[in-house]
Each structure stands twice: as C-alpha cells, then as structure tokens.
Amino acid sequence: EITSSILWKFVNVIVLCICFFPTKKSTQMATAVSNTKQNKQAADSVSKKAVSIDENNATETTPLMVKTELMKAEGVPLSDMPSFKVSKPTSDDEKAQTPPQRLEPLTEDEMNSHSHERWAVSAPSVDLTGEWTLIADDNFKTEYDAYLKSLGFSGITRRVACGLIARTTEATKQSNNGRELYLKGTNPKGAWERTLTSSGYPDFDTQPEKKEGEDYSHVKTSIKTADSEDVDAEAWWEDRGTKHRSWLRGGKKYGGGDFESLRYVEEGSDGKVLVCESFFHPSDPSKKKAVVNWRFQRDE
C-alpha cells in the first residue's frame, strides 16, 4: 500500500509538471510574439515618419539644391548676361583719359539735327528703372534651350536650367541721364550686380562714316566675373536714345567670345515689359552666334 501511495504521488507530480511547464512556455511565447508585433508596428511607424520627412525634404529642398549646384558647376547663364560684379574703371590713367561728360540731357533740336548713331545719354522720356520678373513661358523656354545648346550644354543640363529659369528676376536703376545703368540679377545661383557706363555723343561724334576703334573709342570699364575672369565692358544708346546696347568683350567661358545685349521697353506694353536681346559671339568663326530674347514683366 505504501509503495502504491508513493507511486501514485509520483504519477501526480509528473502529470502536474507536464501540465504546468508547457502552459508557462506557451504564455512566454505568446507574450514574446505580442511584443514582437508591437515593436514591429512601432518601428514601422517611425520608419514611415522618417520616410515622410525624407520625402518632404527631397521634394522641397534637395532637388533644388542639387539643380542649383549643377547650374553653378556647369556655369549655366540663368540671366540675360553672365554674373558680374559692380564695374570699376580699370585704372586712374583711364579715368584721366575719359572725356568730360555733359550732365544735361539732349534737347529736341539736338536729337533732330544730327546723324549720330550712338549716344552717351538716353532720350529724356526713357527710363529703364524698375524691378522685373522673367516671363518664362513655353516659347521662351524653347528659345532658351536652343541658346544653351549653342553654348555647348548637354540635354540634361538644359532641362534642369529650363526648370529653374522662371525664378530669374532683375532690378534696374538708370541714372545720370542714362550714362549709368545698374543691374542686379537674381536667380537660384545667387544675386550679382554690375553697372554699365555709356559713352558716345555728345562726348564724341559717332557718325556712320566714322569707324569704331579708329575715329572714335567708347569708354571701357573692367568688370570681374563671378569666376574671377576680367572682361571689358562698353555701352551706348541707340534709336534716338531709346535702346541701350552693351558689350562684354574678352570672355573665355563657353569656348571664348563676347556678349552683346540690347535693352529697351517693349512697344505697346505701357512700360510694363522690359526686353533684353542677348547675343553670344564665339571667338571661333566656325561656331554660330547664340541668340535669346529675355522679356521681363514689371513688378507691381
């Protein structure tokens, strides 16, 4: 009987062990699985937030930064002229050689009584002063793309530039009866300034029969580019003092060449549209001239 009692107790212990430990293990496994699911859900939540933040940054910041750096590295012109700092006379000797400047505007009789083609001053009624935003419509982008192609830029670079070009603005300030035209261009690459100094009649005669560089010479100023490249700038007024023409000579970018610009208020726009016809004249005679017309809407 004692043996039977001990055996029975032993059997009960074994049964209890079999029943107890699997239950405890199952509970631990269930808890672990539950914790794993919760951790995964939390991790997914954090991951989604991180991805969302990254996506927002990529949409709002990163592409613009990448595109801007590409434009800087490639040297893409995002304004009507390359980026130039404020101009200064090249030397004190050149200042001394500059002819005396007449401060009064030309009279109507003077404007009608001579055949001078290049004026140092604008017509009294002309003022290009203002703040302007580029009109970047599809027609302009097509023309701008062709302009960049002529300068030697790849298709990828041109597409990026056309996507950024609408951010271009310009501020102009005309002073001293048009003898000085201050320009500040702003675009994703930055903001740069330059001042163009005009010369011509009445400082000296510029009749059609006279030859530039032989019978007369425009005042030249040295301008340093954003790439620390020195070029010579000269400017004058045409078409009875209504259009401002300027040249930047001696550049080495884009294979070398000169930039020419013609600025005027668009006829019939009531002074609200500023036009800048831009030309790049390559030093290499085998290359074609690059042309693009910029049109700016006056900011209200």
### Query
Can you tell me if Arg298 uses its side chain to pair, donor with acceptor, with the backbone of Gly271 under 3.5 Å?
yes
### Message
Would you say Glu238 and Trp236 are linked by a side-chain donor-acceptor pair, where the criterion is simply a distance under 3.5 Å?
### Response
yes
### Task
Could you please spell out the steps behind the salt bridge (Lys or Arg N to Asp or Glu O under 4.0 Å) verdict for Arg263 and Glu170?
CA-CA 12 Å; Arg263 285 182 174 79; Glu170 187 161 271; 3.7 Å; yes
### Task
Mark yes when over 12 heavy atoms from residues, nucleotides or ligands other than Asp138 sit less than 6.0 Å from its CG; otherwise mark no.
no
### Task
Return the set of residues passing side-chain contact (heavy atoms from CB on, under 4.5 Å) with Ala171 (not counting sequence neighbours), or none when no residue passes.
Glu131, Lys184
### Task
Describe, in one word, how the ring planes of Phe296 and Trp294 are oriented to each other, choosing from parallel (under 30°), tilted (30 to 60°) and perpendicular (over 60°).
parallel
### Message
Could you check whether Asp145 pairs with Arg158 (Lys NZ or Arg NE/NH1/NH2 to Asp/Glu carboxylate O, under 4.0 Å)?
### Response
yes
### Task
Mark yes or no for whether Thr129, through its side chain, and Lys173, through its backbone, hold a donor-acceptor pair below 3.5 Å.
no
### Main-chain N/O of Gln207 paired with Asp205 side-chain donor or acceptor, under 3.5 Å
no
### Query
Just checking, any donor-acceptor pair under 3.5 angstrom between side chains of Ser122 and His244?
no
### Check: Trp237 side chain, Gly178 main-chain N or O, donor-acceptor pair, under 3.5 Å
yes
### Results of side-chain contact (heavy atoms from CB on, under 4.5 Å) for Lys289 - residues two or more places apart only
Phe279, His281, Val291
### Sidechain-backbone polar pair: Asn293 side chain, Cys276 backbone, donor-acceptor under 3.5 Å
no
